Amino acid sequence: MNFDLTEEQRVWKKTVHDFVAKEIKPKAREVDENSEFNWDAVRKGGPVGLLGMSIPEEYGGSGVDSISMAIAMEELGWGCGSTALAFAAHNGLGTAPLANFGSEELKKKWLPLVADGKHKLGALALTEPGAGSDIQGGVITKAGRQGNEWIVNGAKMWCTNASIAEYIITLVRTDPRGGSKSLSMILVPTDTPGLTIGPAEKKMGLRGSPTHAVTYDNVRVPLENLVGPEGRGLQQALATLDAGRIAIGAISVGLAQSALEAAVDYARQRKAFGQPIAEFQAIQWKLANMATEIEIARTMIHKAAWIKDQRRPFNKEAAIAKLYATEMAERACYDAIQIHGGYGYSREYNVERMYRDARLMTIGEGTSEIQRLVIARHVLASE
Amino acid sequence: MKIIACIKQVPDSEAKVKAEGGQVTWGDAPLVINPFDEYAVEGALQQKEALGGTVTALCIGPESAKEALKHALAMGADEAILVSDPALANLDSVGAARILAVAIKKIGDADMVIFGRQTLDDGSGVTGAQTARVLGWPLLSLAASIKVQDGSVTVDRVIEEGRQTVSGKLPAILSVVQSIGEPRYPSFMGIRKASKATIPVWSLADLSENAPASVVARTELMNPPSEEVVCEIISGETPEAIAETLADKILAEKVL
């Protein structure tokens with residue numbers, strides 16, 4: 001048993017922290033206020049390795065271990081929820097399925113391009129207007145063969161990064177008879193005719209991370225753009241989401257850490273009844289609870305990542321980590337606002353944004369309800 | 001092109017440095033690569049990218065200074081060498097220059113040796129010049145840009161009077177200023193390489209050198225006198241009245 005980070009992970013944590021503190025955190029308010037994606041973070045983050053975390057070195061990536069990925073996502077979340085979400089969607093959803101299941105040709109063509117920071121990112125489209133948690137039964141976007149091409153028709157919702165992506169890996173039904181082997185993943189370049197990316201959704205938080213509806217109207221792509229074997233789309237999507245859950249949990253830990261730091265700073269300087277409010281037990285207990293829950297969540301995230309790196313099933317641990325970390329982040333941000341009093345409700349203070357950003361985390365990449373369903377299945381099957 | 005970047009490990013800029021029992025201490029503040037030396041590494045890497053070749057990071061310091069060298073490796077340096085010996089503990093800049101010169105010769109075939117403009121701790125800013133003197137190489141200091149052509153190097157120097165362009169024959173010693181370009185962040189690929197790297201440690205015996213005697217002796221070390229700060233809030237009926245009281249007080253204190 002060893003809870004220490006390796007030297008590589010320790011230096012990586014410091015590097016990403018320094019990078020985020022200088023390049024991302026100072027712009028967090030601006031990207032949220034203006035709903036503008038932080039392209040500068042992509043341009044500068046590429047060479048650091050932040051865009052190739054799921055991509056092996058031979059395809060231009062940094063190929064980091066799962067704990068290093070969690071570390072980076074936490075630091076990104078600490079700096080800016082929006083930028084963190086875009087990076088998580090790119091690394092975990094947009095590039096991981098391609099790196100893990102894609103053909104050699106597809107990997108060579110696309111992965112170096114989206115890892116270097118000079119181009120746009122990757123995106124994954126699973127959710128549809130009528131299909132959220134129920135992917136297997138709900139997906140109606142379909143693809144059929146015609147000559148050397150797939151013809152894709154349908155519509156996707158809540159596609160993070162769609163407008164800032166080189167391609168969208170799209171989950172489609174390739175067998176109209178349905179069932180667990182009826183879905184496949186197809187890579188659709190965003191400049192393909194027939195593909196329409198809607199305007200960015202107006203969201204409660206994470207406004208610097210564009211999310212879109214995407215429609216496919218007779219979109220033609222080569223047969224070679226199939227990612228992984230035909231009929232394996234559902235399994236590939238579920239495996240991708242398991243890893244993505246660790247990332248969303250890690251972002252949540254970062255948001256909570258940032259809220260705690262803001263609350264500590266404020267509690268030290270704000271005076272009431274002749275002393276800093278940090279001297280009051282009512283405030284100290286809140287800070288203590290936040291620190292405790294952050295530590296628990298971080299440890300669970302690292303454990304889930306560690307099990308993944310051991311190549312053992314981590315579905316249950318990822319669900320536990322995501323469930324706890326995301327709900328914890330909302331509590332932490334709630335308390336941080338409470339400590340700030342009226343100022344905390346104002347956009348002048350960053351905790352207001354963090355609270356809005358944290359709210360998505362219990363929904364995206366599997367709602368809390370789905371996490372509990374996953375955990376309960378494991379509990380009922382084994383205990 | 002074989003380029004050597006000379007770096008030093010120093011206490012973090014946020015460290016509270018003070019004198020204690022005739023010694024300088026910085027408590028348990030972290031040690032980092034001298035921030036000015038990050039520009040030296042950046043300048044070296046730029047030249048490597050432009051001309052090909054290798055970058056070697058060179059440092060004198062205790063075992064812990066390997067961390068600073070690993071930072072240079074993570075930024076993209078090809079190799080790193082630490083000169084470490086208990087006898088080098090209280091080295092002054094002349095002594096450092098002598099040891100660096102020997103190490104540079106031992107590395108061999110260097111075309112350019114790049115320093116930061118100064119260190120954050122001692123801050124003399126002369127080690128580069130002294131190393132050039134020991135080696136008998138030209139010195140091109142305070143460079144904001146570097147251009148190598150046909151065996152010579154031309155730099156734009158940033159000096160108080162403005163900019164000055166000078167050139168010299170290679171091999172040469174350079175020092176760089178911030179305008180050389182923001183030091184790149186280490187990459188994960190670099191960190192991975194650095195964490196696996198074995199950094200050779202050269203002792204004085206490896207360099208066939210004796211510890212250079214200090215030219216400058218430090219006879220006494222004191223903390224700066226503590227300042228007493230008194231804060232007074234001036235109140236008054238109108239802003240004009242407050243300003244008048246303030247002006248009177250400033251004159252009374254002979255600040256103006």
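Treat the numbers as computed from the prediction; the structure is a model and nothing was measured.
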Practice prompt. Please answer whether the main-chain N or O of Ser145(B) pairs with a side-chain N or O of Asp156(B) as donor and acceptor at a distance below 3.5 Å.
Written response: no
Worksheet entry | Pair Lys27(A) + Glu30(A), salt bridge at N-O below 4.0 Å | no
Worksheet item: Which of residues 59-92 of chain A get closer than 4.5 angstrom to chain B, counting heavy atoms alone?
Response: Gly61(A), Ser62(A), Gly63(A), Val64(A), Asp65(A), Ser68(A)
Worksheet item: Would you say Asn34(B)'s side chain and Gln118(B)'s backbone share a donor-acceptor pair under 3.5 angstrom?
Response: yes
Worksheet item: Ion pair present between Glu20(B) and Lys18(B), side-chain N to carboxylate O less than 4.0 angstrom?
Response: yes
Discussion item. Taking Ile3(B)'s backbone N and O only, do any of them form a donor-acceptor pair with Asp111(B)'s side chain (distance below 3.5 Å, no angle check)?
Written reply: no
Discussion item. Here's a test for you: under side-chain contact (heavy atoms from CB on, under 4.5 Å), which of Ile173(B), Ile146(B), Leu140(B), Ile180(B) qualifies with Ile114(B)?
Written reply: Ile146(B)
Worksheet item: Within the distance-only criterion (no hydrogens, no angle test), does the side chain of Arg270(A) pair as donor or acceptor with the backbone N or O of Ala278(A) below 3.5 angstrom?
Response: no
Worksheet, complete the sentence: Under a 4.5 Å heavy-atom criterion, the part of residues 58-78 of chain B in contact with chain A comprises Glu67(B), Lys70(B)
Discussion item. Which atoms of Glu8(A) are under 4.5 Å from chain B, going by heavy atoms: the side chain, the backbone, both sets, or neither?
Written reply: both
Discussion item. Any side-chain to backbone donor/acceptor pair from Tyr185(B) onto Val16(A)? Under 3.5 Å, distance only.
Written reply: no
Worksheet item: So Glu7(A) and Ser195(B), side chain to side chain donor-acceptor pair (under 3.5 Å) or not? Walk me through it.
Response: CA-CA 7 Å; Glu7(A) 184 190 331; Ser195(B) 67; 5.5 Å; no
Discussion item. Can you confirm whether the side chains of Thr119(B) and Asp121(B) place a donor and an acceptor under 3.5 Å from each other?
Written reply: yes
